[in-house]
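See structure below.
Keep in mind the model is a prediction, meaning the values are calculated, not measured.
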Amino acid sequence: MSRSTIPAFSEAAVAPSETQVTASWLHRLTRGQEDEVLQFLARRPLHTVIMSGLIRDNGLESPLNRGSFYGWRNLKGDLLGVALIGHLTLVETRSDVALAAFARLAHAEPLTHTIIGEQRRVERFRAHYFSRKSVPHLLCRELLFEQRYPVEIRESVSGLRLATPEDLRVVAEAHARVAEQESGVNPMKADPRGYLQRCARRSALGRVWVLRNDARLIFKADVVADTPEAVYLEGVYVHQEERGRGYGLRCLAQMNRHLLQRTNSVCLLVNERNQAAQSLYRRAGFRLRGSWETVFLKH
């Protein structure tokens, strides 16, 4: 177990009192600690599925995570908090001291772009993060929905399948449109090479589901994180001219029946203002599990 503290963030710099300083420390998580970290995250699998999925896919140390994992421990060595700090910043801890430490660490990371988590925790995180920084570029309130077995809708969709390399361009363009609607940033324009590489890798892993009619992409959905406890979906898309015809409902149900053969639940986030999407997920059998918040940063 590594006990090296981060040089730029001594315990005195991140903890608000002497008692708390002597009780815990912040350090980078490294290769070989994956099992311990996954066990910690598995205590709340629905809320930590993205971090768990990245670790299962890439390990704790990989450029594919687009950030670094950090831990917060007490003097016994017990892990009390885990955070991914980078392009996507995620935190799992019940310690306000750890939350403040992670926020200050994220504040110093120039690549921090998106902070996501449960609403109350992100609000506390923002209080520390923005103490020395400008206001967010965009703040979105979202709802966490979950579906478990059984899936009531049984009607199948002929042609729903996993994406192939031939689908890459149309899938990437659709996903970029969804991302731009949420964040105001089109990843196809901001980082075309890296974005296409990430889309291609996800497809190669068998994580992208599509329904096409010749050149038209009717439906798509991405499995961003895949763990035995939960699967996290993102980028659910139905072509504008095909909406209202039941494709989204039937494709989601058919896809989730398959996914729930190997996991306990399927979850996703939806903007609280998107009533149409919320209605779709409820009709598909999803249940509301909590309020989340996503913060998009602009440096």
- Task: Please work out which of the three classes, parallel, tilted or perpendicular, describes the rings of H113 and F296, given edges at 30° and 60°.
- Result: perpendicular

- Message: Grouping I, L, V, M, F, W and Y whenever their side-chain heavy atoms are under 4.5 Å apart, do L60 and F40 come out in a common cluster?
- Response: yes

- Query: Which residue pairs pass the side chain to side chain donor-acceptor pair (under 3.5 Å) test when at least one of the two sits in residues 268-278, sequence neighbours left out?
  - Reply: none

- Note on the structure: Apart from V170 itself, its cluster of hydrophobic side chains linked below 4.5 Å comprises V171, V178, V208, V210, L217, Y237

- Query: Are any non-hydrogen side-chain atoms of K220 and R212 less than 4.5 angstrom apart?
  - Reply: no

- Cluster link L84 to L144, ILVMFWY, side chain under 4.5 Å: yes

- In the hydrophobic cluster built from side-chain contacts under 4.5 Å, what are the other members alongside L205? none

- Item | Rounded distance (nearest 0.5 Å) linking atom CG of L80 with atom CG of N74 | 4.5 Å

- Query: Hey, quick one: are M255 and V49 part of the same hydrophobic cluster, counting side-chain heavy atoms closer than 4.5 Å, chains of contacts allowed?
  - Reply: no

- Got a sec, which residues hit side chain to side chain contact (heavy atoms under 4.5 Å, CB included) with L88, two or more places apart in sequence or on another chain? I50, L90, T114, I116

- Task: Could you tell me whether D57 and R201 make a salt bridge, using a distance below 4.0 angstrom between a side-chain N and a carboxylate O?
- Result: no

- Message: Can you tell me how far apart CD (E142) and OG (S291) are? Round to the nearest 0.5 Å.
- Response: 10.5 Å

- Query: Going only through I, L, V, M, F, W and Y residues with side-chain contacts under 4.5 Å, is there a path from I153 to L233?
  - Reply: yes

- What are the two closest heavy atoms between P187 and V185, and how far apart are they? CD-O, 3.3 Å

- Note on the structure: The reported gap from OG in S52 to CD in E34 (rounded to nearest 0.5 angstrom) is 12.0 Å

- Query: Of the non-hydrogen atoms in S95 and W72, which two are nearest, and what is the gap between them?
  - Reply: OG-NE1, 4.1 Å

- Query: Can you check whether V238's main-chain N or O pairs, donor with acceptor, with R243's side chain at less than 3.5 Å?
  - Reply: yes

- Residues that R56 engages under side chain to side chain contact (heavy atoms under 4.5 Å, CB included), provided they are two or more places apart: L38, T227, P228, E229

- Task: Quick one: list whatever passes side chain to side chain donor-acceptor pair (under 3.5 Å) with T93, sequence neighbours left out.
- Result: none

- Counting only heavy atoms not in R120, do more than 12 fall under 6.0 Å of its CZ? no

- Item | D167 vs S203, side chain to side chain contact (heavy atoms under 4.5 Å, CB included): CA-CA, chis, key distance, verdict | CA-CA 9 Å; D167 300 308; S203 178; over 6 Å; no

- Query: Counting only N and O atoms by type, is there a donor-acceptor contact under 3.5 Å from the side chain of E242 to the main-chain atoms of I218?
  - Reply: no

- Message: Hydrophobic clusters here meaning ILVMFWY residues chained together by side-chain heavy-atom distances under 4.5 Å, can you tell me if I55 and L79 are in one?
- Response: yes

- Distance in Å, N256 CG paired with C251 SG, rounded so as to fall on 0.5 Å steps: 11.0 Å

- Item | Exercise: identify the closest heavy-atom pair between S265 and E146 | CB-OE2, 2.9 Å

- With a 4.5 Å heavy-atom cut-off, do Q39 and E36 have their side chains touching? no

- Message: Quick test of your reading of the model: are R124 and E293 salt-bridged, counting only N-O distances below 4.0 Å?
- Response: no

- Query: Going by heavy atoms in the side chains, are E182 and E234 under 4.5 Å from each other?
  - Reply: no

- Message: For E92 and T48, which I'm curious about, is there any donor-acceptor pair between the side chains at under 3.5 Å?
- Response: no

- Message: Can you pull out every ring-ring contact (aromatic ring centres under 6.0 Å, His included) where at least one residue sits in residues 198-218? Sequence neighbours excluded, please.
- Response: W209-H258

- Task: May I have the step-by-step check of side chain to side chain contact (heavy atoms under 4.5 Å, CB included) for Y129 and L297, ending in yes or no?
- Result: CA-CA 11 Å; Y129 184 93; L297 307 174; 3.2 Å; yes

- Task: Show your reasoning for whether side chain to side chain contact (heavy atoms under 4.5 Å, CB included) applies to I85 and Y70.
- Result: CA-CA 8 Å; I85 307 295; Y70 294 87; 3.7 Å; yes

- Message: Can you list everything that forms a side chain to side chain contact (heavy atoms under 4.5 Å, CB included) with E152? Sequence neighbours excluded, please.
- Response: none

- Task: Answer yes or no: is there an ion pair linking D222 with R198, defined by an N-O contact shorter than 4.0 Å?
- Result: no

- Message: Minimum heavy-atom separation for L99 and F125, please, with both atom names.
- Response: CD2-N, 3.8 Å

- Item | ring pair (Phe, Tyr, Trp, His ring centres under 6.0 Å) against F69, all qualifying residues, sequence neighbours excluded | none

- Answer yes when E118 and R44 have at least one side-chain N-carboxylate O distance shorter than 4.0 Å, and no when they do not. yes

- Task: Could I get the full list of side chain to side chain contact (heavy atoms under 4.5 Å, CB included) partners for R169, not counting sequence neighbours?
- Result: E173, M188, L196

- Can you see which heavy atom on A106 is nearest to which on T112, and at what distance? O-OG1, 3.1 Å

- Message: Quick check: do Y149 and Q261 have side-chain heavy atoms less than 4.5 Å from each other?
- Response: no

- Message: Within the 4.5 Å heavy-atom criterion, are F102 and T89 side-chain neighbours or not?
- Response: no

- Task: For F130 and V295, run side chain to side chain contact (heavy atoms under 4.5 Å, CB included): C-alpha distance rounded to whole Å, both residues' side-chain angles, the deciding distance at 0.1 Å, then the answer.
- Result: CA-CA 11 Å; F130 290 106; V295 181; 4.0 Å; yes

- Query: Nearest 0.5 Å, what's the SG-CZ distance between C267 and F286?
  - Reply: 8.5 Å

- Message: Using 0.5 Å steps for rounding, measure from the CG atom of N65 to the NE2 atom of H87.
- Response: 12.5 Å

- Message: My understanding is that only residues two or more places apart in sequence, or in another chain, count here; which of them pass side chain to side chain donor-acceptor pair (under 3.5 Å) with N186?
- Response: E180

- Grab the two heavy atoms, one from R126 and one from L139, that are nearest each other, plus how far apart they are. CZ-CD1, 3.4 Å

- Query: Are R202 and V224 close enough that some pair of their side-chain heavy atoms sits under 4.5 Å apart?
  - Reply: yes

- Is the Lys NZ or Arg CZ of R250 less than 6.0 Å from the centre of Y247's six-membered ring, within 45° of the axis? yes

- Message: According to ring pair (Phe, Tyr, Trp, His ring centres under 6.0 Å), who are the partners of F219, at least two apart in sequence or on a separate chain?
- Response: none

